[in-house]
Number of protein chains: 2
Amino acid sequence: MPKRPTIIDVAEYAGVSKSTVSRVISGGSVRETTRRRVMTAIEALGYEHNAIASSMRTNRTNIIMLAIPDITNPFWPDVARGVQDVMDDAGYAVVFANSDWRGSREKMFLRMAQRNRFDGILINPIQVTATELDETHLPTVLIGSRTDYPGFDSVGSHSYDGTQQALKHLFSLGHRRIGLIQGKRVNRPGASRMKSYLDFLDEHSLPRDDTLIVEYPFDQRGGYQGAIDLLTLPVPPTAILAANDILAMGALQAAHDMGFAVPGDVSIVGQDDIFAAKITVPPLTTVAKPKYEIGTQAATVLLARINGETDRQWQQHLFPCRLKIRGSTAPPRE
Amino acid sequence: MPKRPTIIDVAEYAGVSKSTVSRVISGGSVRETTRRRVMTAIEALGYEHNAIASSMRTNRTNIIMLAIPDITNPFWPDVARGVQDVMDDAGYAVVFANSDWRGSREKMFLRMAQRNRFDGILINPIQVTATELDETHLPTVLIGSRTDYPGFDSVGSHSYDGTQQALKHLFSLGHRRIGLIQGKRVNRPGASRMKSYLDFLDEHSLPRDDTLIVEYPFDQRGGYQGAIDLLTLPVPPTAILAANDILAMGALQAAHDMGFAVPGDVSIVGQDDIFAAKITVPPLTTVAKPKYEIGTQAATVLLARINGETDRQWQQHLFPCRLKIRGSTAPPRE
DNA sequence: TTGTAAGCGTTATCAT
DNA sequence: ATGATAACGCTTACAA
């Protein structure tokens, strides 16, 4: 194969020095006539800028990494679009790193970001510790409402509050026995939602019944299993709150398969408001999160860090959640 | 900030030359004792390999790009997982490039792949021409069943045949008036499905009625609108075939909203078999494609090209589709 | 097995 | 405004 032309070739062709070519490319000050000559040479030779060599000098790659646990959850694509829209405009490429809930992969991705000298990291961490994040020495912004990573900027939604809204809604409909399907985190509890749930019980003097709390992998099958567990209880709950819509959709299906009418026999509430939540039957009542905005905001914060435009302390951004009442909730039977 | 240590620092610390350090890193032959000394030095200094500098010499980045039009379509995440699983094992990072159906973005991504000297490209092209793909000079594999890019390897599914299966199913149920909701391509017709549809009409001596063919953007709203168009026809079709599940789900909702029972009043068939297709009500009859396998295969073919393990001609891989008959299809009323 | 030294294609500094 | 020249951090002949 023919070797790719370099700025040196361009320089020779145009009869200038390579520094001049470099200036033309990066928009330095050059006389208009020479600029034109150089551009012609670039066209003629089919020169394409070598970002690798450039990065070597500038210590900038214009690439950032977006690390998420589960690309099949429609929540993330929406976030990703927000990230990309901002990053594209800023001239950054976004490397998508999907760990599939595997801690080992997550770690691998971080090393990749580090070795390739990416300019920054956006991550919804699953296993990695704050220390490990620190050791990458890369500007990092967390996605999600995580309080267990002090020292890092984070952008997420107020899921504690969202959970409260959902529970309040169910309570006001008359539900007193409410099941919770938690997503199983690899390494840590789904903290805020759980806490929110327990606080709510306390506040309304409802008894804590641990059989009402089940934990399954964050996928549809998990939701299905969880609902089965709950609905086969001697005294099944009259309502189920799932940690996200995927779980809720699984629960919906389980209820259906078991002959429980929704919302007649059991109410179901999800979280996230993914696109599919609108079109289940019945449509899913869910706690909506501003997914796209989380993405744009996270990207914006990261850019600020990268450009050192801010020496303020790390900061937590929490977007409010909004309960969307649809068809999957109603007063309990009897 | 403290400058990052280089192999030179490591070399000094370990009392060897930098070539030795390089050898240790890349697994060259070094005496065990010196290897150990070097490793200790690496640990001590917190050295992290610089992939940029390395790429500069080796002309390899170990990064490939996966360019797709619409990350919110659950079809792609499944493909992407296949790609990642293969590429991870081969030591490649996968840059996700989501164009959101914008040709300008697609072009931008290609330039990015080129400038950053990525090792290869997997792409489901929307606007870019074969010539433009050629000009990247990068190993490229197309994803999708495209016949209009001669000279390129491609991996996809036999969607012509899949469409036939769906139509045959509807025909054998007794449907004679079948609507088609096409996805609107930016730049070119959704060739194979359309051709398949028309061929089928011919073959069964069904009249061609262009009001039965509608075209809308590849999203749920598109499917919704399309179904409205079809179902408000003076003589609405008794069955609707949509170009993918997202469109079909929109159609399902439209039918529901308009008081058409599915499958009683109208049958609906999708394509892809995304996860959500199982849980619509009624569950969606659809033409399943081996999404994950398409991903792994595409990745495998690309790797072969990258490594020059093949000097055979370009080749089209077409996986068979499989009709999944679920609840959204039934004989027409009357 | 190890060291020496010549690149890889840019950008940045300093002259001119 | 332009040109020489020295980095940037690594790999890889080639020599020892």
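Each chain gets a letter, A, B and so on, in the order the sequences are listed, and its residues count up from 1.
- By the side chain to side chain donor-acceptor pair (under 3.5 Å) test, A:T296 is found to be paired with no residue, residues two or more places apart in sequence or in another chain being considered.
- Every residue meeting the side chain to side chain donor-acceptor pair (under 3.5 Å) condition with B:T72, not counting sequence neighbours, appears here in chain and number order: B:D70.
- For the pair B:T20 and C:dG3, the criterion of a side-chain N or O lying under 4.0 Å from OP1 or OP2 is met.
- Residues meeting the salt bridge (charged side-chain N to carboxylate O under 4.0 Å, His left out) test with B:R81, sequence neighbours left out: A:D100.
- B:E32 has a carboxylate O that lies under 4.0 Å from a charged side-chain N of B:R36, or vice versa, which qualifies the two as a salt bridge.
- Residue pairs satisfying the salt bridge (Lys or Arg N to Asp or Glu O under 4.0 Å) criterion with at least one member in residues 7-22 of chain A, sequence neighbours excluded, are absent.
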Once base and sugar-phosphate atoms are separated, protein heavy atoms under 4.0 Å mark nucleotides 10-15 of chain C, 5' to 3', with B, S and - as BBB---
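- Each of A:S17 and B:A51 was matched to the nucleotide of DNA chain D holding its nearest heavy atom; the match closer to the 5' end belongs to A:S17.
- For B:S99, there are no side chain to side chain donor-acceptor pair (under 3.5 Å) partners two or more places apart in sequence or in a different chain.
- Here chain B contacts DNA chain D (any atom closer than 4.0 Å to a heavy atom, that is under 4.0 Å), and the contacts span D:dG9 to D:dA13 from 5' to 3'.
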Return a table of donor-acceptor pairs under 3.5 angstrom between the side chains of residues 87-94 of chain A and protein atoms on other chains or two or more places apart.
from, atom 1, to, atom 2, distance (Å)
A:D88, OD2, B:R105, NE, 3.0
A:Y92, OH, A:R60, NH1, 2.8

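- Evaluation of the side chain to side chain contact (heavy atoms under 4.5 Å, CB included) rule for A:P139 yields A:L302, A:R305, A:I306 as partners, not counting sequence neighbours.
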Which donor-acceptor pairs under 3.5 Å do the side chains of residues 112-120 of chain A make with protein atoms, sequence neighbours left out?
from, atom 1, to, atom 2, distance (Å)
A:Q114, NE2, A:E135, O, 3.3
A:R117, NH1, A:Q114, O, 2.9
A:R117, NH1, B:H49, O, 3.3
A:R117, NH2, B:E48, O, 3.3
A:D119, OD1, A:T61, N, 3.1
A:D119, OD1, A:T61, OG1, 3.4
A:D119, OD2, A:T61, N, 3.3
A:D119, OD2, A:N62, N, 2.6

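- Recorded end-axis angle for the helix from C:dT1-D:dA16 to C:dT16-D:dA1 stands at 30°, based on five pairs per end and rounded to 10 degrees.
- Put simply, CD on B:E12 is 12 Å from P on C:dT4, counting in whole angstrom units.
- Using a 4.0 Å heavy-atom cutoff across all strands shown, A:S55 reaches no nucleic acid atom at all.
- For A:E43, there are no salt bridge (charged side-chain N to carboxylate O under 4.0 Å, His left out) partners two or more places apart in sequence or in a different chain.
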